[in-house]
Amino acid sequence: MSQLQSLRGMVDLLPEQIQRWQKVESIAREQFSFAGLEEIRTPLLEVTELFSRSIGEATDVVGKEMYTFLDRGERSCTLRPEGTASVVRAALQHGLLNHGHNRLWYSGPMFRYERPQAGRQRQFHQIGVEFLGLASPTIDAELISIGWDFLQSLGLKGLELQINSLGTIEDRKSYRNQLVQWLEVRFEDLDPDSKRRIQSNPLRILDSKNPSTKQLLKDAPTLNNVLSDESGERFLAVQQALLKLGIPFRVNPHLVRGLDYYDHTAFEIISDQLGAQATVCGGGRYDGLVEELGGPKTPAIGWAIGMERLLLLLSDLMPITSAPSVYLVNRGKNVEIHALVLARKLRAAKVGVEIDNSGAAFSKQFKRADRCGASWAIVLGEDEVARGEVRLKRLKSCKTENTKQEFTTSSSDLDGLLALINT
RNA sequence: GCGGGCGUCGCCAAGUGGUUAAGGCAGCGGCUUGUGGCGCCGCUAUUCGGGGGUUCGAAUCCCCUCGCUCGCCCCA
């Protein structure tokens with residue numbers, strides 16, 4: 001291909017799709033505002049250290065998926081692979097936590113250098129919510145409910161909320177040791193991927209898709225049994241809150257989130273219609289992160305929704321319409337400028353107008369007028385301009401009524417014209 | 001990073017070694033020199049992602065490369 005193309009995994013959002021995006025964004029904006037959230041926008045580019053410190057050096061995201069480069073000042077910069085770290089950084093930098101701005105949402109592009117596949121791109125978009133400085137189990141339920149309600153209100157079906165508790169960092173450490181011991185005894189029965197992960201990320205093995213490994217893991221020790229009493233009670237409280245809210249969920253003891261900063265509540269909202277990348281919304285508590293990034297000890301929790309995955313689910317549910325009310329048919333010497341003058345007046349009166357700029361034969365223009373779905377055609381030719389008239393013709397209704405509806409008004413009588421159009 | 005599938009006009013596609021690369025949609029022109037939705041007629045790829053090779057001859061076979069796509073890893 002000698003033609004210039006977008007980079008692999010970088011996707012254009014074409015006009016056809018963009019309406020759905022705008023719809024989703026406006027619903028999000030509205031609902032989040034009712035939930036008392038404030039929007040925050042942070043830079044796409046951050047110092048690399050922000051992500052390596054928060055997400056974890058050993059994770060795949062940091063280890064092999066970041067877009068990292070040196071800028072002209074020899075600083076290592078990274079295109080953000082996720083939103084949480086930036087939000088926390090911004091909150092600390094501007095002292096937001098001291099001013100009560102602690103329920104935040106964001107949306108925008110994220111970057112991860114991976115092989116694209118269904119529901120995965122190198123530049124993708126997330127819409128996310130973060131609660132900073134809020135600790136109670138009820139907060140976990142509230143945060144989850146905001147995501148759940150948002151997805152429900154879009155009309156999505158076949159979603160399942162799965163939750164788990166990772167306990168405290170200490171709980172996780174002791175569980176990790178226990179699990180590794182248990183797995184090492186059965187090392188020979190594991191699939192190659194899982195063998196490798198015993199070193200790098202043993203908790204991840206719980207999430208394995210390999211059938212025989214899955215079978216084996218049925219008897220593995222679970223996190224729940226290792227949780228401290230306090231962590232266990234906390235997890236129960238979150239579940240009770242969700243029950244009270246009437247949000248259905250399933251406890252999945254194998255649910256492990258990939259980023260290092262998660263503790264306690266972890267959850268995902270999963271679709272049965274997305275293929276391999278089924279998680280639409282993922283999140284969890286990260287009580288240690290703010291401190292890790294140099295702030296005061298601050299409990300926090302958040303989630304992110306993958307916009308592309310959401311739109312994949314939504315495309316069938318959300319038909320798009322974009323027909324103008326008026327299609328302005330025009331032809332003749334010096335007529336086009338009159339058409340533009342008229343269109344501008346109508347547009348100012350909140351009437352959607354599309355001008356035909358082809359100069360083609362009237363029959364052609366009418367064909368297009370009909371095809372674009374406009375309700376009215378306004379006809380402007382040399383005759384009309386000379387007489388100071390505007391001709392108006394109803395398009396769609398004639399199909400059913402089988403009567404031609406045509407009107408002529410003076411071009412100076414804008415109100416009369418508008419009255420007709422709005423009938 | 002590793003595997004599978006695919007790449008013919010703006011879109012959907014037939015063609016799988018033999019003179020001019022089907023067809024449909026869209027587009028353009030006309031029937032209708034100023035009036036749509038239907039119909040009819042005509043036009044629209046010296047070229048089959050790109051490069052090399054095999055062959056008298058390739059879109060069709062081989063090699064390389066690029067891209068897309070699905071899956072693994074991982075994640076939204």
Side-chain angles (χ1 to χ4, degrees), chain A residues 1-9 11 16 55-56 58-66 81-84 107-128 147 151 191-194 196-197 200-201 204-205 207-210 256-259 262 268-271 274-283 302-313 327 329-332 335 356 358 360-374 376-384 391-400 402 404 406:
Chain A
M1 206 33 129
S2 61
Q3 266 224 326
L4 258 26
Q5 298 189 22
S6 61
L7 255 12
R8 158 173 283 199
V11 189
E16 215 183 310
I55 299 171
T59 61
D60 275 24
V61 170
V62 171
K64 60 181 203 189
E65 293 172 2
M66 293 203 302
E82 56 109 39
T84 302
S107 83
M110 309 291 165
F111 302 84
R112 258 121 95 161
Y113 193 92
E114 301 182 272
R115 277 289 283 274
Q117 69 184 71
R120 163 177 302 163
Q121 298 165 188
R122 288 184 172 180
Q123 177 179 333
F124 61 105
H125 297 76
Q126 287 187 336
I127 188 158
L151 295 174
D191 61 280
D193 268 330
S194 296
R196 184 177 51 74
R197 278 183 288 185
S200 60
N201 198 347
R204 229 32 264 187
I205 298 177
D207 220 8
S208 173
K209 284 167 189 157
N210 183 287
V256 184
R257 311 243 62 237
L259 312 185
Y262 286 116
E268 294 186 359
I269 297 175
I270 293 171
S271 166
L274 272 180
Q277 311 302 326
T279 303
V280 188
C281 173
W303 53 246
I305 284 175
M307 279 291 275
E308 280 79 5
R309 291 182 190 175
L310 181 55
L311 268 291
L312 241 32
L313 294 172
Y327 192 89
V329 170
N330 68 99
R331 177 177 160 93
V335 171
D356 192 306
S358 69
F362 279 94
S363 62
K364 273 290 171 237
Q365 295 195 37
F366 270 96
K367 198 169 260 182
R368 277 195 282 266
D370 191 62
R371 211 170 264 178
C372 82
W376 294 92
I378 282 181
V379 191
L380 220 50
E382 289 175 3
D383 297 350
E384 286 77 10
R391 309 188 104 206
L392 186 67
K393 181 173 181 177
R394 192 188 284 280
L395 292 175
K396 284 190 283 194
S397 63
C398 290
K399 226 186 244 176
T400 47
N402 204 20
K404 285 198 175 129
E406 291 191 58

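Hydrogens, waters and symmetry mates play no part in the numbers below; they use all other heavy atoms, side chains included. Below, chain A is the first sequence line, B the second, and so on; all start at residue 1.
Across all strands shown, Arg257(A) has heavy atoms under 4.0 Å from sugar-phosphate atoms exclusively, and none from any base. The residue Ala118(A) sits close only to the backbone: its heavy atoms come under 4.0 Å of sugar-phosphate atoms, none of a base. Contacts of Glu308(A) with the nucleic acid, taken as non-hydrogen atoms under 4.0 Å apart, are absent.
Taking the C1' atom of each, G4(B) and A59(B) are spaced 24 Å apart, rounded to whole Å. Across the C1' atoms, G10(B) and G5(B) are found 25 Å apart, a figure rounded to whole Å.
Under a cutoff of 6.0 Å and an axis angle of 45°, Lys393(A) and Tyr327(A) do not form a cation-pi pair.
Side-chain contact annotation: Arg331(A) with Ser358(A), donor-acceptor N/O pair under 3.5 Å absent.
The base of G37(B) has none of its N or O atoms less than 3.5 Å from a complementary donor or acceptor on the side chain of Arg368(A). Side chain Glu65(A) to base G1(B): no donor-acceptor pair is found below 3.5 Å. Judged by atom type and distance alone, Lys364(A) does not reach the base of G36(B) through any side-chain donor-acceptor pair under 3.5 Å.
Between Gln5(A) and G67(B), a side-chain N or O to OP1/OP2 separation shorter than 4.0 Å is absent.
Glu308(A) and Gln123(A) make their closest contact through OE2-O, 4.3 Å (heavy atoms, listed as atom of the first residue, atom of the second, distance). Of all heavy-atom pairs between Ile205(A) and Ser194(A), the closest is CD1-O, 3.2 Å.
Pair assignment for C2(B) gives G71(B), based on Watson-Crick or G-U wobble hydrogen-bonding distances that are each under 3.5 Å. Base pairing of G29(B) is made with C41(B), judged by Watson-Crick or G-U wobble geometry with both donor-acceptor distances under 3.5 Å. Base pairing annotation: U20(B) forms no Watson-Crick or G-U wobble pair, as no partner gives both donor-acceptor distances under 3.5 Å.
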Given side chain to side chain contact (heavy atoms under 4.5 Å, CB included), test Arg122(A) with Tyr113(A) step by step and report yes or no. CA-CA 5 Å; Arg122(A) 288 184 172 180; Tyr113(A) 193 92; 3.3 Å; yes

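For the pair Arg8(A) CZ and C66(B) C1', the computed distance is 9 Å after rounding to whole Å.
The side chain of Arg197(A) sits closest to C73(B) out of C73(B), G29(B), G36(B). Considering only the side chain of Arg331(A), G34(B) comes nearest among C73(B), U69(B), G34(B).
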